[in-house]
Amino acid sequence: MDIQILEGVFDANERIARENEALFREHGVLAVNLMASPGAGKTSLVSRTLELLSGELSIGVIEGDIASSVDAEKIKSYGVPVVQINTGGACHLDAAMIREALGHLDLFSLDLLIIENVGNLVCPAEFNLGEGLRAMILSVAEGHDKPLKYPLMFSQSHVLLVNKIDLLGLSDFDTGELRETIRRMNPAMEIFEVSCRTGEGLQAWADWLKRRVRESGKEGNP
């Protein structure tokens with residue numbers, strides 16, 4: 001009986017995710033599901049990405065969190081449309097939450113929608129939101145062995161941002177070993193080594209993301 005209930009939850013989520021995906025396609029919006037553990041730098045990356053691309057792309061943000069609107073207030077200061085989702089304890093966003101949030105955004109005006117998922121390396125990867133791109137962050141402070149411990153997120157994401165590389169000299173984080181693990185696990189995965197504190201590596205990420213927006217069928221709309 002328990003297995004049947006779980007299948008029902010995932011089936012319902014997949015149905016709504018396909019509806020979200022169709023909505024994004026209809027409006028020419030690239031939706032990026034940004035996932036990471038708490039403290040890896042999701043909000044910092046969103047902020048830096050807005051600084052680099054806001055003049056070239058029209059960007060909206062959905063902020064997912066268990067409670068509070070602290071991150072949404074930070075992003076709002078960049079002058080972009082932001083919708084906050086408080087999950088009330090759930091450790092992930094699901095497709096129904098995103099569908100409701102989309103009702104508060106003008107998708108016709110957007111090129112790119114960044115969905116900052118709840119901080120967690122497990123649950124967010126299990127729920128399709130209808131996104132066109134899955135991006136995840138791993139910070140140097142977390143260690144290079146995380147793909148072995150949390151394989152689902154690393155195997156299903158399209159791009160990995162290794163954040164806080166300014167701390168490499170202070171840790172035993174091995175970027176070579178990380179890349180070798182990813183090569184075996186998900187060889188198509190793009191990897192960017194960045195520091196949201198110093199800005200290192202972020203222009204390459206922004207340029208890559210801009211190309212993906214254009215490939216999704218809609219030019220920038222400054």
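Computed over heavy atoms, backbone and side chain alike; hydrogens, waters and symmetry mates excluded. Positions are given from 1, in the same order as the sequence printed here.
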Is any side-chain heavy atom of [Y] closer than 4.5 Å to one of [X]?
{"X": "Asn86", "Y": "Asp65", "result": "yes"}
{"X": "Ile115", "Y": "Leu34", "result": "no"}
{"X": "Leu160", "Y": "Phe192", "result": "no"}
{"X": "Thr43", "Y": "Glu116", "result": "yes"}
{"X": "Val61", "Y": "Leu113", "result": "no"}
{"X": "Ile191", "Y": "Val159", "result": "no"}
{"X": "Ser47", "Y": "Tyr78", "result": "yes"}
{"X": "Ile62", "Y": "Met97", "result": "no"}

Distance (rounded to the nearest 0.5 Å) between [X] [atom1] and [Y] [atom2]:
{"X": "Asp94", "Y": "Arg99", "atom1": "CG", "atom2": "CZ", "result": "9.5 Å"}
{"X": "Ser37", "Y": "Lys146", "atom1": "OG", "atom2": "NZ", "result": "7.5 Å"}
{"X": "Ile75", "Y": "Ile114", "atom1": "CD1", "atom2": "CD1", "result": "8.0 Å"}
{"X": "Glu193", "Y": "Lys164", "atom1": "CD", "atom2": "NZ", "result": "15.5 Å"}
{"X": "Ser58", "Y": "Leu110", "atom1": "OG", "atom2": "CG", "result": "6.5 Å"}
{"X": "Glu177", "Y": "Ile182", "atom1": "CD", "atom2": "CD1", "result": "11.5 Å"}

Quick check on the hydrophobic clustering: are [X] and [Y] connected, directly or via other members, by side-chain heavy-atom contacts under 4.5 Å?
{"X": "Val80", "Y": "Leu202", "answer": "yes"}
{"X": "Met185", "Y": "Val162", "answer": "yes"}
{"X": "Leu112", "Y": "Leu161", "answer": "yes"}
{"X": "Val32", "Y": "Trp208", "answer": "yes"}
{"X": "Leu209", "Y": "Leu45", "answer": "yes"}

Worksheet item: Between Asn33 and Asn117, does a side chain to side chain donor-acceptor pair (under 3.5 Å) hold up when you go through it step by step?
Response: CA-CA 7 Å; Asn33 182 6; Asn117 215 311; 3.1 Å; yes

Worksheet entry | Derivation of the side chain to side chain donor-acceptor pair (under 3.5 Å) call for Thr198 and Asp166 | CA-CA 7 Å; Thr198 67; Asp166 50 299; 5.1 Å; no

Give a yes or no on whether the backbone of [Y] and the side-chain of [X] come within a donor-acceptor separation of less than 3.5 Å.
{"X": "Asp111", "Y": "Leu57", "result": "no"}
{"X": "Gln84", "Y": "Glu63", "result": "yes"}
{"X": "Glu73", "Y": "Asp71", "result": "no"}
{"X": "Ser216", "Y": "Val213", "result": "yes"}
{"X": "Asp106", "Y": "Phe108", "result": "yes"}

Which pair of non-hydrogen atoms, one from [X] and one from [Y], has the smallest distance, and what is that distance?
{"X": "Pro147", "Y": "Thr181", "value": "CB-CG2, 3.9 Å"}
{"X": "Ala40", "Y": "Ile137", "value": "O-CG2, 3.6 Å"}
{"X": "Ala31", "Y": "Phe24", "value": "CB-CE1, 3.6 Å"}
{"X": "Leu93", "Y": "Gly64", "value": "CD2-CA, 3.9 Å"}
{"X": "Leu52", "Y": "Gln203", "value": "CD2-OE1, 3.4 Å"}
{"X": "Asn128", "Y": "Ala95", "value": "O-CB, 3.6 Å"}

Practice prompt. Apply side chain to side chain donor-acceptor pair (under 3.5 Å) to Glu180 and list each qualifying residue two or more places apart in sequence or on a separate chain.
Written response: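 For Glu180, the residues satisfying side chain to side chain donor-acceptor pair (under 3.5 Å) (neighbours in sequence not counted) are Arg183.
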
Item to complete: Please assess Ile98 against Ile85 for the test side chain to side chain contact (heavy atoms under 4.5 Å, CB included), listing each intermediate value before the final yes or no.
Response: CA-CA 8 Å; Ile98 298 303; Ile85 299 174; 4.2 Å; yes

Charged N-O contact under 4.0 Å between [X] and [Y]:
{"X": "Glu19", "Y": "Arg15", "value": "yes"}
{"X": "Glu51", "Y": "Arg48", "value": "yes"}
{"X": "Arg212", "Y": "Glu190", "value": "no"}
{"X": "Lys149", "Y": "Asp145", "value": "yes"}

Item to complete: If you link ILVMFWY side chains whenever their heavy atoms are less than 4.5 Å apart, which other residues fall into the same cluster as Val70? By chain and number, please.
Response: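 Under the 4.5 Å side-chain rule, Val70 groups with nothing.
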
Worksheet entry | Verdict with supporting geometry, Lys210 and Leu53, side chain to side chain contact (heavy atoms under 4.5 Å, CB included) | CA-CA 8 Å; Lys210 190 166 57 178; Leu53 292 179; 4.2 Å; yes

Item to complete: For the pair Val122 and Met153, evaluate side chain to side chain contact (heavy atoms under 4.5 Å, CB included) and give the outcome as yes or no after the intermediate values.
Response: CA-CA 7 Å; Val122 180; Met153 186 171 292; over 6 Å; no

Worksheet item: Under 3.5 Å, is there a donor-acceptor pair linking the side chains of Ser139 and Asn163?
Response: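 Absent: no donor and acceptor within the cut-off.
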
Item to complete: Enumerate the residue pairs fulfilling ring pair (Phe, Tyr, Trp, His ring centres under 6.0 Å) with a member in residues 123-155, sequence neighbours excluded, ordered by first and then second residue.
Response: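 Sorted pair list: Phe10-Phe127, His92-Phe127, His144-Phe173.
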
Fill in: CA sep, side-chain torsions, deciding dist, call: Arg25, Glu21, salt bridge (Lys or Arg N to Asp or Glu O under 4.0 Å)
CA-CA 6 Å; Arg25 190 181 308 113; Glu21 183 181 6; 3.4 Å; yes

Discussion item. Could you go through Leu167 and Arg197, starting from their C-alpha distance and side-chain angles, then the distance that decides it, and tell me whether this counts as side chain to side chain contact (heavy atoms under 4.5 Å, CB included)?
Written reply: CA-CA 10 Å; Leu167 299 179; Arg197 187 178 72 84; 6.0 Å; no

